[in-house]
Amino acid sequence: LPVTMMTSITHRATGMALSFGALILAWWLVSISNGPEGWQSFHAVMDTPLGLLVLFGLAWALGFHFLNGVRHLAWDLGYGFPKHEAERNSVIILVLSLLGALAIFAMAWTGHGGYLR
């Protein structure tokens with residue numbers, strides 16, 4: 001399967017995943033508004049390995065969808081259509097989105113950004 005086809009399919013899938021992520025964001029905001037008990041109930045679920053996997057997946061989906069969206073804007077302007085460029089850019093987007101999600105989780109795990117305070 002061509003990498004450009006896989007990134008196109010993945011772009012659609014990450015768009016749907018981000019819709020699911022909006023529900024998690026709403027749950028998080030409601031839990032904050034319910035005070036410490038609500039906040040703790042959210043963390044009881046999201047601090048599990050499955051919850052962390054979901055959060056990592058959403059961070060990756062956001063990065064991938066954003067970067068691939070920028071590529072689609074470049075395509076709308078007529079850039080990046082040759083096959084070798086499109087394939088190279090697809091791989092770059094996959095790698096950068098994964099590195100971005102890893103960076104977000106590394107910052108959170110090490111206490112940067114106020115997550116552990």
Side-chain angles (χ1 to χ4, degrees):
L1 300 172
V3 69
T4 51
M5 182 183 78
M6 293 307 296
T7 54
S8 178
I9 293 168
T10 305
H11 185 75
R12 288 166 176 80
T14 56
M16 293 185 309
L18 291 173
S19 297
F20 173 70
L23 295 174
I24 293 176
L25 176 63
W27 175 30
W28 176 64
L29 291 171
V30 168
S31 74
I32 290 172
S33 70
N34 287 329
E37 296 82 20
W39 176 250
Q40 289 170 354
S41 69
F42 177 81
H43 271 281
V45 174
M46 286 302 160
D47 286 345
T48 65
L50 181 60
L52 291 172
L53 182 64
V54 168
L55 291 176
F56 182 81
L58 289 172
W60 173 78
L62 182 63
F64 180 88
H65 201 77
F66 172 75
L67 292 171
N68 205 45
V70 170
R71 181 174 71 158
H72 277 278
L73 286 174
W75 283 353
D76 289 344
L77 295 172
Y79 299 107
F81 278 119
K83 185 178 179 180
H84 70 281
E85 286 182 29
E87 289 176 351
R88 181 199 64 209
N89 292 342
S90 294
V91 172
I92 289 171
I93 288 168
L94 285 168
V95 170
L96 286 179
S97 62
L98 183 60
L99 289 175
L102 288 170
I104 289 169
F105 265 66
M107 285 182 11
W109 237 297
T110 59
H112 293 84
Y115 178 74
L116 296 177
R117 294 179 190 188

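Hydrogens, waters and symmetry mates are skipped; everything else that's a heavy atom, side chains included, is used.
Residues meeting the side chain to side chain contact (heavy atoms under 4.5 Å, CB included) test with Leu67, sequence neighbours left out: Ile93, Leu96, Ser97. Considering only residues two or more places apart in sequence or on other chains, Met16 meets the side chain to side chain contact (heavy atoms under 4.5 Å, CB included) condition with none of them.
Placement of Val70 and Ile9 in two distinct hydrophobic clusters is found when ILVMFWY residues are connected by side-chain heavy-atom separations under 4.5 Å, directly or transitively. Residues Val45 and Phe105 share a single hydrophobic cluster, defined by chaining ILVMFWY side chains whose heavy atoms lie under 4.5 Å apart. Under the 4.5 Å side-chain heavy-atom criterion for Ile, Leu, Val, Met, Phe, Trp and Tyr, Met46 and Ile32 are members of the same hydrophobic cluster.
Side-chain atoms of Ser33 come within 3.5 Å of backbone atoms of Val30 as a donor-acceptor pair (strictly under, hydrogens ignored).
The neighbour count for Arg88 CZ, taken as heavy atoms of other residues, nucleotides or ligands under 6.0 Å away, is above 12. Counted within 6.0 Å of CH2 on Trp28, heavy atoms from surrounding residues, nucleotides or ligands total 12 or fewer; the atom is thus considered open. Counting heavy atoms of neighbouring residues, nucleotides and ligands inside a 6.0 Å radius, atom CZ of Phe42 exceeds 12 of them.
Interatomic distance, CG of Leu25 versus CG of Leu18, reported as 11.0 Å (0.5 Å rounding).
Using a 4.5 Å cut-off on side-chain heavy atoms (C-beta onward), Leu94 and Val3 make contact. Residues Leu102 and Leu98 meet the side-chain proximity criterion, which asks for heavy atoms closer than 4.5 Å. Looking only at side-chain heavy atoms (C-beta outward), Trp60 and Ile104 stay at 4.5 Å or farther from each other. Residues Glu87 and Val91 have side chains not in contact (no heavy-atom distance under 4.5 Å, counting atoms from C-beta outward).
Nearest heavy-atom pair across Ala61 and Ala17 is CB-CB, 4.4 Å. Between His11 and Phe64, the shortest heavy-atom contact is N-CE2, 3.5 Å.
Sorted by first and then second residue, the side-chain hydrogen bond (donor to acceptor under 3.5 Å, both in side chains) pairs with a member in residues 70-79 read Thr7-Arg71, Asn68-Arg71, Arg71-Ser90; sequence neighbours excluded.
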